[in-house]
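Structure first, commentary second.
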Amino acid sequence: SVFPPSVAQVETAIPAFIGYTATALDDTGAETDSADFPYIRRISSMLEYEKYFGGAQPQSMQVVVENDQPDSVNISAVSRYRMYYALQLFYANGGGPCYIASVGTYGAPASENVVLSDLQAGLSAIGLKDEPTLLLFPDAPGINGADPSSRQNNFHQILKDALMQCGQLKDRFLISDLFASDGLSNSDFETFRNGIGNNFLKYGAAYHPWLRTSIPYFYSDANITFDASSGSNANAELDTLNLADILARQQAENQSAIITDLQAAVTGLPDSGSATDAQKEQAITMAIQGAQAAVNGINSLIEAPSHDGNPDAGDIETERTNAMQTLADAQAIQLSDADPVGVAQSQVDAANLALNTALSSYAIDESTFDDIEVVFTNSFLNNLRQLLQHQTITMPPSSAVAGIYAYVDRTRGVWKAPANVSLSQVIEPAARITNSIQDGMNVSATGKSVNAIRAFVGKGTLVWGARTLAGNDNEWRYVPVRRF
């Protein structure tokens, strides 16, 4: 041929994220059977991740109430499942195509598990894929263990397994975190260096410390509880409740108020003998609106978290059936009926009865709700939402660094060191690193370098190092040399 040989450009930074997801759906929307995990899928965007793997585990938070307003938030245990947040950081920092190896779905918040054998199964499965060039384990810092020491051992074991795969296949590279989120002592680094082993070190790099991000925790109203023990009686009632149950009662009460207004309005209409067709139509519309309000209000009570454990749940469900029948009866009223206005009035009354009866069987009784309402104003709720929105997660840095790898490869080339680059969606490192601390991270007698992430005035938070774990290897000490 007279034409020169062509070279097709390919991606050089394609991470494989190995961990747990909310769900795992195939192209038809069907859920993956438990026997079919690990489930691996290539994605190219956060939207695609959410489509097939869902969102984050809802974070439980306790809101401290002071002076009848939400004041602060206590988080006793951060969820072990960090995959969703890791993908947010990855794409915020320039990430592109990647693989998700879901090793299972989330456990309940009270029984979360990150199992070494699950992560090892995901690693083995991703080893059969040719395209991934980077390995990450965003859930590994939450790994199970009988005690802190065994948890650290399991954490280091999955990293050693990943390094072994990288060394055997020679086409991929491990981006590692440290177990301690903000530890900067010599013992913290020595624990990591002792735990990571001595094999295949040129196939991995470690980054530290963790990152305080601007990503808010995902939460559901059912996971929001209150500490108002020092407040008034109204505040004290909050201590026993969650936000979702309160809002469900509030929504039902709002629907009850709508029905009360409709009762007054429909009662004020002339009787059917003297009413115009327009007034009859108005009465029928009010009957339908009242019945629909009853259905909506009762549905909110049934959807509340407390419903399943409520001994009177059956009574509430009976009233939903009654309200739905009332709605059907209201929709069946005709202008030609003998007494459309009277029938409409009776349907509004029936809707009111159904909703009030359901409310009387709800987990939060009327007296308790009346006490809560004193505090639970629109202002309280607005301030609560703002406070919760400002609770942000601290994350291991590996996923953000993977985004930087992808960004630098795409814009500069794989030969360019992924360093001296600012991080997005990061407020600051979880710990401040000085020059002397960094010197000890970069150069060690063991040769196991740890790359620093540092904050600089006027520059932000930067990846400030590009050494592999083989820091004493003259040939392979730098990340771009090993990856190129």
Over all heavy atoms of both residues, which pair between [X] and [Y] is shortest? Give the atoms and the distance, please.
{"X": "I298", "Y": "A323", "result": "CD1-CB, 3.9 Å"}
{"X": "P209", "Y": "P397", "result": "O-CG, 3.6 Å"}
{"X": "S444", "Y": "N472", "result": "O-ND2, 3.4 Å"}
{"X": "Q59", "Y": "Y219", "result": "O-CB, 3.7 Å"}
{"X": "E48", "Y": "R42", "result": "OE2-O, 3.8 Å"}
{"X": "N223", "Y": "P58", "result": "OD1-CB, 3.3 Å"}

Would you be so kind as to tabulate the donor-acceptor pairs closer than 3.5 Å made by side chains of residues 418-432, with sequence neighbours excluded?
from, atom 1, to, atom 2, distance (Å)
E428, OE1, R432, NH2, 3.3
E428, OE2, R212, NH1, 3.2

Q) Can we call the ring centroids of F456 and W464 under 6.0 Å apart? A) yes

Q) Centroid-to-centroid, F179 to F155, below 6.0 Å? A) yes

Q) Looking at E190 and R193, does any basic side-chain N land under 4.0 Å from a carboxylate oxygen? A)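 Salt bridge between E190 and R193, a charged N being under 4.0 Å from a carboxylate O: yes.
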
Would you call [X] and [Y] a side-chain contact if the rule is heavy atoms closer than 4.5 Å?
{"X": "Q57", "Y": "Y84", "answer": "no"}
{"X": "K160", "Y": "Q157", "answer": "yes"}
{"X": "I433", "Y": "L184", "answer": "yes"}
{"X": "I158", "Y": "Q120", "answer": "yes"}
{"X": "L116", "Y": "N144", "answer": "no"}
{"X": "F17", "Y": "F90", "answer": "yes"}

Q) Does the side chain of N242 pick up a donor-acceptor pair with the side chain of T225 at under 3.5 Å? A)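 No, no side-chain donor-acceptor pair sits under 3.5 Å.
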
Q: Give me the ring orientation class for Y217 and Y85: parallel if the planes are under 30° apart, tilted from 30 to 60°, perpendicular past 60°.
A: perpendicular

Q | Residue of the set Y81, F37, Y39, Y106 for which ring-ring contact (aromatic ring centres under 6.0 Å, His included) holds with Y20 | A | Y81

